[in-house]
There are 2 protein chains.
Amino acid sequence: MEAFVNYILQFGNLNSQQIELILSKAQMLALAKDAYFSEAGKIPRYVGFLLKGVTRFCYYNNRSEEITHSFVEENNFVSDQQKFESQIIASEYIQAITDCEMLVFSKKDWDEIGNTIVGWKDIEHLIVKNCLLKTIERRSPLVSEDATTRYLSFIDQFPGLINRVPLSYVASYLGITQPSLSRIRKNIR
Amino acid sequence: MEAFVNYILQFGNLNSQQIELILSKAQMLALAKDAYFSEAGKIPRYVGFLLKGVTRFCYYNNRSEEITHSFVEENNFVSDQQKFESQIIASEYIQAITDCEMLVFSKKDWDEIGNTIVGWKDIEHLIVKNCLLKTIERRSPLVSEDATTRYLSFIDQFPGLINRVPLSYVASYLGITQPSLSRIRKNIR
DNA sequence: AATGCTTTTTACCAAATGGTAAATGTTTTC
DNA sequence: GAAAACATTTACCATTTGGTAAAAAGCATT
């Protein structure tokens, strides 16, 4: 809870009443492992802040292969932002990889925060921009480096995560098959 | 010029005085082929809107290979946005691939627009968000698909661009070597 | 048309990765 | 603790891609 407030205050100042207002709108959501927070074909109902656990974003490409394109760890926002904001149908899934605890906000409450707190929209924009830039930065080596380097940079970018998520998801994230990832791990040892 | 105004008006309403103000700050910049608009190691001076020509973003990875990570065609903003906004040293290059014509704004003028026009910052945020989302979307297939599919989706996303830029840049963008790209093009014919 | 310059293709072989299925290891459930 | 279910590794070989250098093609200049 404190982590959530600290996270937000990185991006702008809020007084205690404003923080109170935000927290009053937050709902606690427990998500069991493998449960979906948001699903392709449905409109995302909530934006969430992950207090505990790991989630992933995934979709199915045109060969019906499941592609994991992002991981989100605790103390970060989890949201299909564009689809949530416009309340349109999502084309990807957000799934809990471990049991998760989240603070979530309905679209209505989220909008109310934006309409009530002066300067909130700026903060929100900064948060979104920050997340998008981080995504781009993280995914850069996935294009230009070989698989071993990609794996090493994954380890670097997400310390410890390799022990918390199935390797099949990591292989997909890195753009290689699971046997390839297994071979790479063997060669590194 | 009109293209620039239309582009902006996609993201919010502005009256004619506001538009006049914006245009009064704009400077015309002609950039010869291969010239840099922004350079690694330097602070980006301008944010630009590309009226004519093609540019690319590139950087050097830790093996000193030059990586082209984005192309920008006419009627789009060209900016190392994060570095321009914070006026910090860039880590990548923005280079004209063909002769270019741009509208550019200095940091000072750009800030003045933001401080003068109510609602401009919202528009700016939307533009930035839009560009970042487009970047992510375009680069998605570069991870999860094989090289031939990546090439085809490049052709799809940038119609005609293949005939305007060196294939070596495209190969780099797709994460393959130039001989590989050449082979792929041959197989498709 | 000839010259030099750059870009693109080709050819060669080595290395990396994919596809599949079986084997092993690990966790869960009863 | 045994059985079942799931996750990971291994092994096999086919295919793709990389690295390098030479050849060919395309462009500009004279």
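Order of the sequence lines fixes the chain letters, A, B, ..., with proteins taken first and strands second; residue numbering starts at 1 for each chain. Basis for what follows: all heavy atoms, side chains included, without hydrogens, waters or symmetry-related copies. Quantities reported herein were computed from a predicted structural model and do not represent experimental measurements.
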Side chain of [X] only, please: which of [options] is the nearest?
| X | options | result |
| --- | --- | --- |
| Ala147(A) | dT17(C), dT17(D), dT9(D) | dT17(C) |
| Ser180(A) | dT17(D), dA11(D), dG18(C) | dG18(C) |
| Lys186(B) | dT10(D), dA11(C), dT8(C) | dA11(C) |

Euclidean distance, atom [atom1] of residue [X] to atom [atom2] of [N] [Å, nearest integer]:
| X | N | atom1 | atom2 | value |
| --- | --- | --- | --- | --- |
| Tyr169(A) | dA7(D) | OH | C1' | 11 Å |
| Lys33(A) | dT28(C) | NZ | C1' | 10 Å |
| Asp146(B) | dG18(D) | CG | C1' | 16 Å |
| Asn187(A) | dT10(D) | CG | C1' | 12 Å |
| Glu145(A) | dT17(D) | CD | P | 18 Å |
| Ile176(A) | dT17(D) | CD1 | P | 15 Å |
| Arg150(B) | dT16(D) | CZ | P | 13 Å |
| Gln178(A) | dA22(C) | CD | C1' | 14 Å |

Original post:
Can Trp110(B) and Glu124(B) be said to form a side-chain hydrogen bond (donor to acceptor under 3.5 Å, both in side chains), step by step?
Top reply: CA-CA 10 Å; Trp110(B) 191 251; Glu124(B) 186 190 345; 3.3 Å; yes
Original post:
With sugar-phosphate meaning primed atoms plus P, OP1 and OP2, does Arg185(A) contact a base, only sugar-phosphate, or nothing at under 4.0 Å between heavy atoms?
Top reply: sugar-phosphate
**OP:** Give the intermediate values and the outcome of ring pair (Phe, Tyr, Trp, His ring centres under 6.0 Å) for residues Phe4(A) and Phe105(A).
**Re:** CA-CA 13 Å; Phe4(A) 172 66; Phe105(A) 300 85; 5.8 Å; yes
**OP:** Evaluate the ring planes of Phe11(A) and Tyr7(A), with Trp represented by its six-membered ring, and classify them as parallel (under 30°), tilted (30 to 60°) or perpendicular (over 60°).
**Re:**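 Because their plane-to-plane angle lies in the 30° to 60° range, the rings of Phe11(A) and Tyr7(A) count as tilted.
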Original post:
Parallel, tilted or perpendicular: which describes the rings of Phe154(A) and Tyr151(A), with under 30° parallel and over 60° perpendicular?
Top reply: parallel
Subject >> Donor + acceptor pair across side chains of Gln95(B), Arg56(B) (<3.5 Å) >> reply: yes
**OP:** Output yes when at least one side-chain N/O atom of Thr177(B) is less than 4.0 Å from OP1 or OP2 of dG18(D), else no.
**Re:** yes
Original post:
Closest nucleotide of DNA chain C for Arg189(B) versus for Gly175(A): which of these residues is on the 5' side?
Top reply: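 By nearest-heavy-atom nucleotide position, the 5'-most residue is Arg189(B).
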